[in-house]
Student: 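Could you have a look at this structure, given as structure tokens, before my questions?
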Amino acid sequence: MAAEETHHVAKTFMDHLPVLQVVIPLFAAPIIVFIGKRSLAWPIAFAASAAAFVISCILLIQVLDGGFISYHVGGWAPPLGIEYRIDAANALVLALISGIGTVVLPYAYESVKAEIPKKNHTLFYACFMLCFTGLLGMVATGDAFNVFVFLEISSLSTYVLVAQGANHNKRALTAAYDYLIMGTIGATFFIIGLAMLYMATGTLNMADLADRIADEGTNRTIRAAFAFIVVGMGLKVAIYPLHHWLPNAYTFAPSAVSVFLAATATKAAIYVLLRFMFSVFNPSFVFEEWTLYIVFIPFSLLAMFAASFVAVFQTNIKRMLAYSSIAQIGYMLLGIAMLNATGLSATLVHLVNHGVTKAALFMGVGAMMLYSGSAFFNNLNGLGRKMPLTGAAMVASGLSLIGVPGTAGFISKWVLVQAAFENGWWIIAIAIMLSSLLAVIYVWRMFEVLYLTAPDPQSTAKEAPLAMLVPMWVLAIACIWFGFDTELTLGSARVAADGLLAGSAGMAH
Amino acid sequence: MIETFIEIGLFAMLVFTAFAIVKTDRLFAVVMLSGVFSLLSALLFVALDAVDVAFTEAAVGAGISTVLMLGTIALTSRTEKKSSISSPLPFIVVLITGAALVYGTIDMPNFGDPMAPAQQHLAPEFLQGSLEDVEIANVVTTILASYRGYDTLGETAVVFTAGIGVLLLLSGLGRRRKDEDEEDA
Amino acid sequence: MEQLIDWAFIVGHVNYWLFIVLMMTGLYVVVARGNLVKKIVGLNIFQVSVFMLYISIGKITGGTAPIFPVDLTGHIEPDPSIVYSNPLPHVLILTAIVVGIATTSLGLALIVRIREAYDTIEEEDILKIEREMTAEDNKEYGAAMGGRA
Amino acid sequence: METSTALFLTMLIPTVAMAGNMAFKDRENLRDGFTFICALLTFACVLCILCAVGNGTMEEIALFEVVSGLTIAFHVEPLGLMFAIIGSGLWILTHLYGIGYMRGNNEDHHARFFACFSIAIAAVMGIAFASNMFTLFVFYEILTLSTYPLVAHKGTKDAIIGARIYLGILIGTSIALLLTGVIWTFVAAGTLDFVQGGILEGKIAPSLVPILLALYAFGIGKAALMPFHRWLPAAMVAPTPVSALLHAVAVVKAGVFSILKVGIYIFGIDFLAQTGASEWLMWLAAYSIIAASVVAMTKDNLKARLAYSTVSQLSYITLGMALATSMGALGGGMHIAMHAMGKITLFMCAGSIYVAYHKTEISQMQGLGRIMPITFIAFLVGALSIIGLPPLGGSWPKFLLMVGAADAGHQIIIAVLMLSSLLNVAYLLPIVGRGFYRPVTDSKLPKGVAEAPLLCWLPPAITAFGCLILFLYAGAIQDFLAPIVGL
Amino acid sequence: MHHHHLILRVVTKMLVGAIMLFAFYVQFHGDFSPGGGFQAGVIMAVAFIIYGIVFGLDKAEQVFPPWLVHKLVALGVLLYAGVGVVSMLLGYNYLDYDAFSPHHPSHGQHWGILLVELGVGITVTGVMVAIYYAFAGRPPPMKDEDW
């Protein structure tokens, strides 16, 4: 560093954005605990997430031309130091995560009041901030081991957040425990993969890894590393046969947590999977040599049909939405397996669209649970009529989940099917459509319960408080908005997909 | 050569301990064996030149986590119930994973090979950097706190997360239990 | 002429395979055992074995711990004749150990809560209780829907 | 007024009507009056467009681009304009009738009912003026969704099940088949614009054309081509004004209209004729015509019988397209108008009978004609038009279709059309016969003439008269539509 | 819990001091020998835990009150992250310790490493003690004697 000292140029605020994005919420968590005042916890958390959201938007705008921003944490140039590397792919996911976080917090204000004992509020918001930080950190970083560290921050806080549902139903505890076991196995698989990669290349920086794998070709160690990383992250993503932790975790978590997790946690993991598959390992290596077609396509099809089918038979809306999430993850994986720019942009755009849609739906259910006490269909009878604004928001987002034209979900489906046709996969295209029909069935069941059944005469339900309605409607309007104006979502997804498909060349310094 | 024998001896003991853990159903013994496992692994780390890691593993694995586990079994139960159903699935999972791992080892460089990529690519630069730029004798400290200081910040955040997680699950913030009980009442 | 058994290869790899045996023992305890505490112990074994794999990556035959010799005033006295093992895996594993203990403590805290809620820490008993809860939910909410709770 | 402004107003005004219905929820007269004015204004706008454009075409107006290459855009061409005229014109009458029916029948949730109704009309306008397949698809789905609450209106178990079938088939076919076909077309042709002569020629292997056509023909479930016709009878649980809207004006006509659009502007009549891709569709449509008529004869429930009659009549239009001749397509286009006028008359009559005496089964209608003469005479006129007897409008399209069939060299189709007419006679005329010539058996019925409320019998009387008028102006309609097939 | 042996109590009192001293040694000598903030934090926590085991939870909570433990938990992270923020305010990258002594970077590095290790130590001490308090404060299902 001695050489650099003489011509050190002072960094400005704008230069620090990539790291500030993560550090601001990271700072917020201990501040909340340190101050320890219940009344200040929420404002601090909200301010931090709003700041992160603004920063992520600025970053996204900066990288939309296809370039990238590299930030050297600690002043050490990669591959020695840890690098933050923002390109269109992770800027998009960062914007999604921070956006959802910012929208969820006002909602959480009311819902946490109702669901979590007062004495735990301060710690709850601190934990929420840590989860937020972890997700942002694992997406922003360009260092493979740093992914693991931030993955664990988000995972550990998630387990705790899920367990907070125990005040309501004790099964939240076992759900959190199962998630902890599965999550830890996943994370350990991930570091086994990293160990093998490190053994074969001697580096941990993603760009450097990509270069060295591209230069030296693959061997059995690298292939095994790939398998372990995919399975490890697959556990976090809830790829179909590895999804068992997800339904219980989403069902029994407090409403605000379900909203946040459903919209962001699996999405961040999918991003990491994409980053490794396309940027670190060469796409041609990943797919031709590994014939992932044979692995990814069957499992994603299985997810699309089996999980949707299971969702149809649920009596609890939250669990139904959880299974629907597993099915939707199938669509995203299918987009990856298409291995063309359109398919990859379908994955990325669906990642955003589905995040927004699912968050809105979980918010609606959470608002209704304030009065119904549970998310069982029978307890929600006719609530759509008693809570017209909540119900309308759920209709809008439910339509987006089906993929009705004019909604965000339609755009994802369109692009995905287009990608299938570009590859000449007629059967897959029809399969996508058929599986989305299952979504029609389960979403429509929800609508019927909300609108066409007689409400419980003793129900005291009234419209949800404003603090819940506004976030819900922001997301519901986003569901519609992204169905018409795709400049932001699909536009960035296309840039990101091109960057990812460029493979290691896209990571070059 | 003597190193190899020590290592093999340690390995044998580790494997023995691990199998004993599988077999035993008294949780107290399991926890103690788990502590033993950690201590043995710490010894192995010393043999592999990782003194910092050995120190940590001894403090954490044999110390803190044993204490916590003892605390937990005091609060829960002291024996494991034998499972009535035995499924071949776990065994298959383990077998497949193991096979994948063994497959991965085939192209690994030999153990201790100074020409392995891991020794050739970045390690010399770290050693050099610690010597010249940072001027700190313990290279592990240099990398931990400076080169990869951000990882360590993350690590601190993980510890912090665990701390507030346990507080959220088992007690509350700030007060002592008695005060809380009064508030609840 | 290639040898039938490549001894150099076996000697150079046998410790990896031993790590794998340890890892798989740990993993087996996690997936096969029903006692929640024992699962955590299994997880520890699994993770510690992975740590050993990492540390063995850094080992150089004839090397020594990566700490430079210092004189009495604390100044480093470099000695080019000493070979140092690779310190990077050590750093990674320090972080990973901390993550491991964090996971363990959270898992144990959850177990304590589970015991208080279910009065057991055996997976089998818990599943039984949960099945009963589900059956009750089904009776109350499921009949009309023909589905499962 | 700019034509483009008028075009947007046709969609905007019904939307405003919807908002008005929501806003004046509890003030019945204000609400219904407001909607009526909106209906008149919409019709006026359509007429404005008619005056300005005539049977020419107007430049495309793009609203905005969703994805590159996919725009929400509108244009005016004769077929769409005709559909818009029918839709907006009949809205006025259906609205009047709806007010009478809903009030006379003491139904609940009037505001919701009329609001959804208005949205459905807006969607019809969107479909009529869509200038590409994407826009058409968007409005097609809006139409499905907005009519769902109408079908489920009563909220009874039957209504919910009927609505499920309705929605399940329409959404199911449109997403699984139609959308697949649309995306396939987009990938193959690179555009979805409606272009005279089609966009697919040379872009797709001839052997795949029948498959793509099948995706469209079955995907447009609203055209009720067998075996995807079940939603139509299922939707009969809806209040009768809805049935009138669904089965005469908006929904089914949107379906066959889409089929014609696809045949003419996506595939192109010539391309279809060259490849012979539509031949199987022609036979299926012919089968549909006969089979649905036979089923209709077995139905005692009046609305169910009319529903199957609709299934049969819709296949005329599909058949017109599948013949792949200019005359056939023209006949199909014209049948949209003629059948709309005839069928809406029949439905409104059925509703009048229900409002006045709560009769739903044909066997209960003995002698009812003498009590409600106007209703039954209107019904007779509508029935004759459907059968295709001169001097009523329905005779012309059948004639054109036969000419088209002859052009295509399919004499059997001519026989099918004639047989179908006979079957029409067999299932429609006995209803009138019973009404007039059988003695009254139900002692609860009043003696002497006692019609349904004014707003219930007047609209069908007007549309019945319309059937007569259309006969006289059929030539004008034919000339008006001629440009769509390049004549 | 309150009738432990006298010898045990005396020895513990002596040991606690020694353990703390060792913790400080590990904390501040990490530059030259194995150890650092994490290990020091664990050792420091062990001192309090032993004290708690021997003298009882209540006594330990009097000596080291929970509110203080919780503040320390947060303080350590704040210190660590704060070092990064300060380096940022000085115009350097996040956690670039050169900022603390631009003309002699290695001094800056020393300062930075010292501070962040201290942050780690504080948090780890706090967390370990907090976890111990949380577990020990939970009522057991049955008394030790009943097993």
Side-chain angles (χ1 to χ4, degrees), chain B residues 11 14-15 18 21-22 27 30 34 37 41 44-45 48-53 56-57 60 64-65 68 72-73 75-77 80-81 83 90 93-94 97-98 101-102 105 108 110-112 114 118-119 122-123 126-127 131 135 137-140 143-144 148 151 155 158-159 162 165-166 169-170, chain C residues 8 12-13 15-18 20-22 24-25 27-29 31-32 34-35 37-38 41 44-45 48 52 55-61 63-68 70 76 78 84-88 90-91 93-95 97-99 101-102 104-106 108-113 115 121-122 124:
Chain B
F11 265 127
L14 279 167
V15 172
I21 289 173
V22 177
L27 290 179
V30 169
S34 147
F37 189 86
S41 63
L44 189 71
F45 290 146
L48 294 175
D49 298 344
V51 276
D52 282 83
V53 178
T56 315
E57 181 60 38
V60 166
I64 291 288
S65 78
L68 287 181
T72 308
I73 60 172
L75 291 174
T76 54
S77 146
E80 182 193 9
K81 221 178 80 178
S83 167
V93 169
V94 166
T97 317
L101 277 165
V102 172
T105 60
M108 282 182 187
N110 279 350
F111 173 70
Q119 324 306 353
L122 293 180
F126 278 125
L127 290 166
L131 195 63
E135 295 176 23
N138 188 348
V139 188
V140 173
I143 303 177
L144 187 80
R148 297 189 72 87
D151 261 356
E155 172 200 315
V158 168
V159 176
V166 172
L169 288 169
L170 295 183
Chain C
H13 288 70
N15 59 334
Y16 299 140
W17 299 329
L18 284 166
I20 292 170
V21 171
L22 289 177
M24 291 309 107
T25 317
L27 188 60
Y28 180 78
V29 174
V31 285
N35 186 289
V37 174
K38 206 157 178 188
V41 172
N44 275 343
I45 297 176
V48 171
M52 294 180 208
I55 298 300
S56 73
I57 301 174
K59 173 71 181 171
I60 297 178
T61 314
T64 171
I67 300 177
F68 298 123
V70 285
I76 303 172
Y84 296 105
S85 286
N86 184 352
L88 186 59
H90 304 179
V91 174
I93 289 320
L94 280 176
T95 307
I97 290 177
V98 176
V99 172
I101 179 68
T104 305
S105 54
L106 268 185
L108 294 174
L110 274 171
I111 292 173
V112 169
R113 288 290 302 271
R115 211 281 313 165
I121 55 163
E122 297 295 330
E124 234 172 87

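The model shown is predicted, which means the values in this text are computed figures rather than measured ones. Lettering of chains follows the sequences in order, A, B, ..., and the numbering in each one begins at 1.
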Student: What closest approach, in Å, do E57(B) and V48(C) show between heavy atoms, and which atom pair accounts for it?
Tutor: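 Smallest heavy-atom distance, with atoms named: OE2-CG2, 3.8 Å.
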
Student: I want to check something: taking the side chain as every heavy atom from C-beta on, are L27(B) and I121(C) in contact at a cut-off of under 4.5 Å?
Tutor: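 A side-chain contact under 4.5 Å exists here.
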
Student: When heavy-atom pairs shorter than 4.5 Å are enumerated against chain C, which of P90(B), A137(B), A123(B), S41(B) gives the highest number?
Tutor: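 Going by pairs under 4.5 Å, I would pick A137(B).
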
Student: For I57(C) and A118(B), which heavy atoms make the closest approach, and how far apart are they?
Tutor: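 Distance-wise, the nearest heavy atoms are CG2-CB, 3.7 Å.
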
Student: Determine, stepwise, if the pair L106(C) / L169(B) fulfils side-chain contact (heavy atoms from CB on, under 4.5 Å).
Tutor: CA-CA 9 Å; L106(C) 268 185; L169(B) 288 169; 4.1 Å; yes

Student: Show the numbers, then the answer: is there a side-chain contact (heavy atoms from CB on, under 4.5 Å) between Y16(C) and L101(B)?
Tutor: CA-CA 9 Å; Y16(C) 299 140; L101(B) 277 165; over 6 Å; no

Student: Is there a side-chain contact between P66(C) and V140(B) (heavy atoms, below 4.5 Å)?
Tutor: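 P66(C) reaches V140(B) side chain to side chain.
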
Student: Looking at chain C, which one of V22(B), V60(B), V30(B), T56(B) has the largest number of heavy-atom pairs inside 4.5 Å, strictly under?
Tutor: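 Option with the top pair count is V22(B).
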
Student: Between I20(C) and T105(B), is there a side-chain heavy-atom distance shorter than 4.5 Å?
Tutor: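 Counting from C-beta outward, T105(B) and I20(C) do come under 4.5 Å.
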
Student: Tell me, do V139(B) and Y84(C) make a side-chain contact under 4.5 Å, heavy atoms counted?
Tutor: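 Counting from C-beta outward, V139(B) and Y84(C) never come under 4.5 Å.
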
Student: Given that the side chain runs from C-beta out, which part of L14(B) has a heavy atom under 4.5 Å from chain C: side chain, backbone, both or neither?
Tutor: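 Contact with chain C is through both the backbone and side chain of L14(B).
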
Student: side-chain contact (heavy atoms from CB on, under 4.5 Å) between R115(C) and L75(B): does it pass, once the steps are laid out?
Tutor: CA-CA 8 Å; R115(C) 211 281 313 165; L75(B) 291 174; 5.7 Å; no

Student: For each of T25(C), L108(C), I101(C), tally heavy-atom pairs with chain B at distances under 4.5 Å, and name the one with the top tally.
Tutor: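 Most heavy-atom pairs within the cutoff with chain B belong to L108(C).
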
Student: Quick one: which of V93(B), V51(B), L44(B), L144(B) has the most heavy-atom pairs under 4.5 Å with chain C, could you say?
Tutor: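 With the most close heavy-atom pairs to chain C, the winner is L144(B).
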
Student: Please enumerate all residues that pass side chain to side chain donor-acceptor pair (under 3.5 Å) together with S85(C), with sequence neighbours excluded.
Tutor: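 D49(B).
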
Student: At a heavy-atom distance under 4.5 Å, which candidate from G98(B), P114(B), S34(B) has the highest pair count against chain C?
Tutor: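 Among G98(B), P114(B), S34(B), the one with the most close pairs to chain C is G98(B).
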
Student: Measuring heavy-atom distances to chain B, does V29(C) have an atom under 4.5 Å in its side chain, in its backbone, in both, or in neither?
Tutor: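 The side chain, not the backbone.
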
Student: If you count heavy-atom pairs under 4.5 Å with chain B, which of V37(C), N15(C), I93(C) comes out on top?
Tutor: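 Of V37(C), N15(C), I93(C), N15(C) has the most heavy-atom pairs under 4.5 Å with chain B.
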
Student: Take R148(B) and L88(C) through the side-chain contact (heavy atoms from CB on, under 4.5 Å) test and state the conclusion after the steps.
Tutor: CA-CA 9 Å; R148(B) 297 189 72 87; L88(C) 186 59; 3.6 Å; yes

Student: Give, as side chain, backbone, both or neither, the part of I21(B) having an atom under 4.5 angstrom from any heavy atom of chain C.
Tutor: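 For I21(B), backbone and side chain are both near chain C.
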
Student: What heavy-atom pair brings V166(B) and S105(C) nearest, and what distance separates the two atoms?
Tutor: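 Closest pair (atom of V166(B), atom of S105(C), distance): CG2-O, 4.0 Å.
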
Student: Among I45(C), L27(C), V70(C), which has the most heavy-atom pairs under 4.5 Å with chain B?
Tutor: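 Looking at each option in turn, the highest pair count goes to I45(C).
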
Student: Which heavy-atom pair separates K59(C) from Q119(B) by the least distance, and what is that distance?
Tutor: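 Where K59(C) meets Q119(B) most closely, the heavy atoms are O-NE2, 3.6 Å.
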
Student: Considering only heavy atoms, which portion of L22(C) lies under 4.5 Å from any heavy atom of chain B: side chain, backbone, both, or neither?
Tutor: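 Side chain only.
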
Student: Which atoms of N86(C) are under 4.5 Å from chain B, going by heavy atoms: the side chain, the backbone, both sets, or neither?
Tutor: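 When you check distances to chain B, atoms from both the backbone and side chain of N86(C) fall under 4.5 Å.
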
Student: Return the set of residues passing side chain to side chain contact (heavy atoms under 4.5 Å, CB included) with A102(C) (not counting sequence neighbours), or none when no residue passes.
Tutor: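 By the side chain to side chain contact (heavy atoms under 4.5 Å, CB included) rule, A102(C) matches L156(A), V158(B), A162(B).
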
Student: Report yes if the side chains of V99(C) and E155(B) come closer than 4.5 Å at any heavy-atom pair, otherwise no.
Tutor: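 A side-chain contact under 4.5 Å is absent here.
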
Student: To the nearest 0.5 Å, what is the distance between CD1 on I60(C) and CG on L48(B)?
Tutor: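 CG of L48(B) is found 12.5 Å from CD1 of I60(C).
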
Student: For chain B, which candidate among V91(C), V31(C), L18(C) shows the most heavy-atom pairs at distances under 4.5 Å?
Tutor: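 It is V91(C).
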
Student: Under a 4.5 Å heavy-atom cut-off, does chain B meet the side chain of T104(C), its backbone, both or neither?
Tutor: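 Side chain only.
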
Student: Look up atom OG1 in T76(B) and atom CG in N35(C), then write down how far apart they are to the nearest 0.5 Å.
Tutor: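 If we round to the nearest 0.5 Å, T76(B):OG1 and N35(C):CG are 7.5 Å apart.
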
